[in-house]
Amino acid sequence: MTEPSHLTAIRESYDTVAADYARLVKEPAELDPVSRAMLAAFAELARPLGPVADLGCGPGKVTAHLAALGVPVFGVDVSPRMVELAREAHPELRFTVGSMTALEIGSGELGGILAYYTTHHTPPRWLPTVFAEFHRTLAPGGRLMLAGHVGSGEHLRPTRAYGDHPVSYESHLLPPDAIAELLRQAGLVVTTRVVQESEEGVRRQYGTFLSYKPQ
């Protein structure tokens, strides 16, 4: 089967920027209080439910943060280089290469999924496939936390990022209501939505969604 072009672009771009990404991106402890609180809330909700997959884990910083909060977590990323860096930094945790569009995880195996600043690279027409995979792999009662860039439908095509390396991925900044509706259509119940304005002098919004798979 031919891989979707957006996955190829994401993999190649993040393989290219991986080292500088790991150096430049904040540690979870350095995030703003609301972002830290949302991660803590997700950890409390998902911790007793079984294994949690950090999808799009990058170099494993947030994966390790959840593990420190007592969550039985492992990481998955489409970039082999990111997975290498995650394994080097956190050898006590499990990291694998994989795609959110076709997870190598059995149906109903997960107590939780974290998708942290990852799905905005997915073209909107592919989001139903991704969210269906979230629903399939979650056990009944399992929890999802999705966080990332939101907007009013902007389609961004950056050419360089993270240390001025060339990139070919794209970003799709959907309205929060549209993301919540897509989660609902996938069979997930959204319980919490938080939209934050950037504090770094740029016009950008961030959305966090907590949801669960009904029993």
Side-chain angles (χ1 to χ4, degrees), residues 10-11 13-100 103-106 109-122 130 133-134 137-139 142-149 161-163 165 167 169 192 194 196 199-200 206-212:
I10 293 167
R11 175 184 295 108
S13 296
Y14 277 103
D15 278 350
T16 298
V17 305
D20 279 322
Y21 180 99
R23 176 177 61 85
L24 294 169
V25 169
K26 293 179 180 178
E27 298 289 337
E30 299 172 332
L31 295 173
D32 64 274
V34 174
S35 297
R36 296 199 310 270
M38 295 302 292
L39 284 169
F42 172 72
E44 183 174 341
L45 291 166
R47 188 165 45 230
L49 301 179
V52 171
D54 179 6
L55 303 180
C57 65
K61 294 184 180 187
V62 180
T63 322
H65 180 73
L66 290 179
L69 294 174
V71 177
V73 63
F74 64 96
V76 179
D77 201 279
V78 74
S79 161
R81 182 55 182 148
M82 284 289 195
V83 169
E84 287 179 11
L85 293 176
R87 290 170 175 168
E88 291 170 5
H90 309 286
E92 74 283 3
L93 299 176
R94 178 164 65 96
F95 296 95
T96 61
V97 177
S99 165
M100 290 184 290
L103 294 167
E104 295 183 5
I105 298 170
E109 284 191 2
L110 299 175
I113 290 173
L114 176 69
Y116 204 70
Y117 288 83
T118 58
T119 58
H120 63 279
H121 289 314
T122 302
V130 171
E133 279 292 270
F134 292 175
T137 54
L138 281 173
R143 299 285 180 159
L144 166 69
M145 176 172 161
L146 186 154
H149 305 290
Y162 303 109
H165 296 287
V167 295
Y169 57 58
T192 305
V194 175
Q196 298 171 255
E199 296 181 354
E200 299 178 354
Y206 311 98
T208 303
F209 306 79
L210 294 176
S211 62
Y212 69 91

**Request:** With side-chain contact (heavy atoms from CB on, under 4.5 Å) as the test, would you mind laying out the steps for Thr118 and Leu55 before giving the verdict?
**Result:** CA-CA 8 Å; Thr118 58; Leu55 303 180; 5.6 Å; no

**Closest non-hydrogen atom pair, Leu138 against Arg143** = CD2-O, 3.7 Å

**Request:** To the nearest 0.5 angstrom, please state how far the OG1 atom of Thr96 sits from the CD atom of Glu104.
**Result:** 7.5 Å

**Parallel, tilted or perpendicular: rings of Phe95 and His90 (30°, 60°)** = tilted

**Request:** State, to 0.1 Å, how close Asp77 and Met82 come at their nearest heavy-atom pair, and which atoms those are.
**Result:** OD1-CB, 4.0 Å

**Request:** Can you measure from CG (Leu146) to OG1 (Thr208) and round to the nearest 0.5 angstrom?
**Result:** 8.5 Å

**Fill in**
So CG of Leu39 and CD of Glu44: to nearest 0.5 Å the spacing works out to 13.0 Å

**Fill in**
Between Thr63 and Cys57, the two heavy atoms sitting closest are OG1-CB, 3.5 Å

**Asked** Ala53 and Leu110: which non-hydrogen atoms are nearest, and at how many Å?
**Response** CB-CD1, 3.8 Å

**Message:** I'd like to know whether Leu210 forms a side-chain contact (heavy atoms from CB on, under 4.5 Å) with Met38, so could you lay out the CA-CA distance, the side-chain angles of the two residues, the decisive distance to 0.1 Å, and finally the verdict.
**Reply:** CA-CA 9 Å; Leu210 294 176; Met38 295 302 292; 3.9 Å; yes

**Complete:** Distance col, row Thr192:OG1 vs Phe42:CZ, nearest 0.5 angstrom, shows 12.5 Å

**Asked** Does the pair Arg87/Glu84 count as a salt bridge with the N-to-O cut at 4.0 Å?
**Response** no

**Fill in**
Here the gap from Ser13 atom OG to Tyr21 atom OH, rounded to the nearest 0.5 Å, amounts to 13.0 Å

**Prompt:** Would the number of heavy atoms belonging to other residues, nucleotides or ligands and lying under 6.0 Å from CD of Glu88 be above 12?
**Reply:** yes

**Complete:** What one should report as the nearest heavy-atom pair of Ser79 and Asp15 is OG-OD1, 2.6 Å

**Complete:** Sorted by chain and residue number, the ring pair (Phe, Tyr, Trp, His ring centres under 6.0 Å) partners of Phe74 (sequence neighbours excluded) come out as none

**Item:** Residue from Leu114, Leu31, Val73, Val25 passing side-chain contact (heavy atoms from CB on, under 4.5 Å) with Val62
**Value:** Leu114

**By ring pair (Phe, Tyr, Trp, His ring centres under 6.0 Å) - contacts of Phe134 (at least two apart)** = Phe131

**Request:** With rounding to the nearest 0.5 Å, note down the distance linking CZ in Arg36 to CD in Glu30.
**Result:** 10.0 Å

**Fill in**
Tightest non-hydrogen contact, residues Gln196 and Ser35, listed as OE1-OG, 3.6 Å

**Request:** Answer yes or no: is there a side-chain heavy-atom contact under 4.5 Å between Phe209 and Met145?
**Result:** no

**Prompt:** Relative to each other, are the rings of Tyr14 and Tyr169 parallel, tilted or perpendicular (30° and 60° limits)?
**Reply:** parallel

**Request:** Would you check if the side chain of Lys61 reaches a backbone N or O of Ala22 as a donor-acceptor pair within less than 3.5 Å?
**Result:** yes

**Message:** In the structure I gave you, are the side-chain heavy atoms of Val167 and Tyr162 within less than 4.5 Å of one another anywhere?
**Reply:** no

